[in-house]
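See structure below.
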Amino acid sequence: MTTVLKIPPSLDDRTFELVLEQLAPVPQDEKILLDARHTRWASPYGLTALLTLAQARAERPGFYAPESDETCSYWSRTGFFTYASELFELHGAPHHSRSGGESDVLLEITPVARSEDVHEVVGRIQQKSQSILTKELNIDAKATMGFAMTLSEACQNIVEHAGRGGWVAVQTYRWQKRLGRRVVVIAVCDAGVGFRQSLESSPNHRESDRWDDGMALEEAVIRGVSRFRDPGRGQGLAGVRRYIGRWDGKLSVRSGTARIAIVPSWDEDVPLQEGLPAFPGAQMQITIPERVADK
Amino acid sequence: MINHIDLSSVLRRTVCDLYSDLVTRPTGKAVRDGIEKQLAEIGDRTLTVIDFSHVGLLDYSCADEIVAKLLMRYCAPITADAPPRDAYFLFRGVSDSHVDAIEAVLERHGLAMVAQAADGAVMIIGSVGESERRAWEVMCRIGRAAPVELARELGVDRAQIEAALDALCRRRLAMRFDEAYVAVGAAS
């Protein structure tokens with residue numbers, strides 16, 4: 001039996017939850033088919049999360065590509081179909097090449113599994129990000145190094161903790177409805193062990209009455225706790241928090257059945273959501289908005 | 001003896017000759033091992049200039065592995081796990097973005113170091129008490145000095161300045177020569 005999961009017309013960190021809600025009752029080894037024929041748009045989070053969803057399944061899922069040529073063409077340029085073809089049985093996928101020179105794809109979907117991949121990602125983002133961050137997002141030129149540092153630390157979370165490879169993508173776009181400004185978005189998604197299991201592997205770990213995915217996220221993201229004994233560990237996410245604080249950005253991390261967010265004044269997200277449909281690994285999104293002149 | 005270590009050369013030699021960014025923990029560890037190997041080949045009491053001038057990006061993980069762990073090893077109290085030698089460090093060519101990462105990791109460990117910017121200005125980065133910072137700044141200005149001179153300059157008593165100088169020497173921010181002291185970075 002194959003269960004069809006409908007991909008929403010607009011796929012981002014919020015609407016991906018609708019996909020996971022459909023997935024929740026489906027046994028792990030049952031065949032699924034993701035129907036994205038009516039999908040018109042996807043954020044970097046949406047695309048990388050789709051890849052991790054396929055990675056997490058016992059049987060290779062099917063995938064109906066978007067019917068819109070424009071959407072398919074754009075997804076091709078992000079590199080989505082390059083990796084999707086390895087993970088899904090693709091139906092209706094385009095034969096477009098991935099080149100296209102689209103300036104809003106700052107970093108095409110890139111696999112991250114080893115330290116060398118992080119070097120590659122950081123090298124590529126520095127070449128492309130400086131002019132876009134300064135000219136389009138009005139972010140101080142000095143901040144572009146911090147942006148690359150943030151990206152590096154987010155990717156290292158996969159290398160150090162996930163136990164399997166994941167993906168990163170970076171894109172800028174105009175967030176008309178929610179913000180009315182341009183944003184740059186980093187998405188880093190994996191289907192690895194997730195924060196709770198990672199922290200449980202620490203020799204210092206002591207379970208409390210309320211030990212769950214939400215608490216594990218609070219420990220790691222807010223308090224900088226790591227599974228390693230080394231007191232220098234846990235600084236990466238602290239650095240990410242500092243950067244988004246400085247640039248009025250947003251950080252959200254989903255792991256297991258919970259999602260934590262550092263919410264800026266321009267957003268109405270909740271700091272912690274629990275009881276979400278279970279999904280392996282960790283899915284992180286960092287959003288930096290365009291700077292506007294102080295009133 | 002003054003020793004010079006170019007971090008970008010160590011990076012290319014120990015990790016990959018195509019890299020110019022210091023990112024990831026494995027990279028940081030390999031670079032620190034390279035630095036320690038060089039330190040092991042030189043004399044007992046050394047001032048080592050660790051040069052960041054040709055380093056692009058430095059992330060928190062690498063800053064922790066290279067700077068914090070190096071200082072922790074050489075600033076350890078004299079015990080069974082004593083530092084391998086009487087080594088002092090001056091970090092040269094440190095940019096604003098490097099400072100962001102370095103400052104964060106040093107403060108987490110309660111460490112401090114002397115950095116020299118591209119224009120030659122020296123500063124202490126990290127966690128340091130006010131009396132130690134003031135003593136270091138006066139030593140930078142007047143050069144080699146005895147405690148009595150420093151106490152006079154700062155308007156404090158001898159016990160106070162000796163406590164500050166002990167702390168600076170222990171933290172590798174100043175060097176003692178007989179009865180006088182010199183700030184690391186004062187005459188670089």
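Rounding to the nearest 0.5 Å places OG1 of B/T24 at 8.0 Å from CD of A/E116. The structure places CD of A/Q156 at 5.0 Å from CG of B/D59, a figure rounded to the nearest 0.5 Å. B/R25 CZ to A/E160 CD: the interatomic distance, rounded to the nearest 0.5 Å, is 6.5 Å. A distance of 12.0 Å separates CD1 of A/I125 from CG of B/D21, quoted to the nearest 0.5 Å. Distance check, rounded to the nearest 0.5 Å: NE2 of A/H119 to OG1 of B/T27 gives 2.5 Å.
Neither the backbone nor the side chain of B/A63 comes within less than 4.5 Å of any heavy atom in chain A. With a 4.5 Å cut-off on non-hydrogen atoms, A/R246 touches chain B through its side chain but not through its backbone. Using a 4.5 Å cut-off between heavy atoms, A/Q235 contacts chain B through both its backbone and its side chain. Contact annotation for B/A104: both backbone and side-chain heavy atoms come within less than 4.5 Å of a heavy atom of chain A.
Per-residue counts of heavy-atom pairs under 4.5 Å with chain A were compared for B/H98, B/H109, B/R108, B/E65; the largest is that of B/R108. Per-residue heavy-atom pair counts under 4.5 Å with chain A were compared for B/C62, B/S97, B/S95, B/S61, and the maximum is reached by B/S61.
Within 6.0 Å of CG in B/D119 there are more than 12 heavy atoms belonging to other residues, nucleotides or ligands. The 12-atom threshold is exceeded at CZ of A/R241, counting heavy atoms of other residues, nucleotides or ligands nearer than 6.0 Å.
Between the A/E153 side chain and the B/Y60 main chain, a donor and an acceptor come within less than 3.5 Å of each other.
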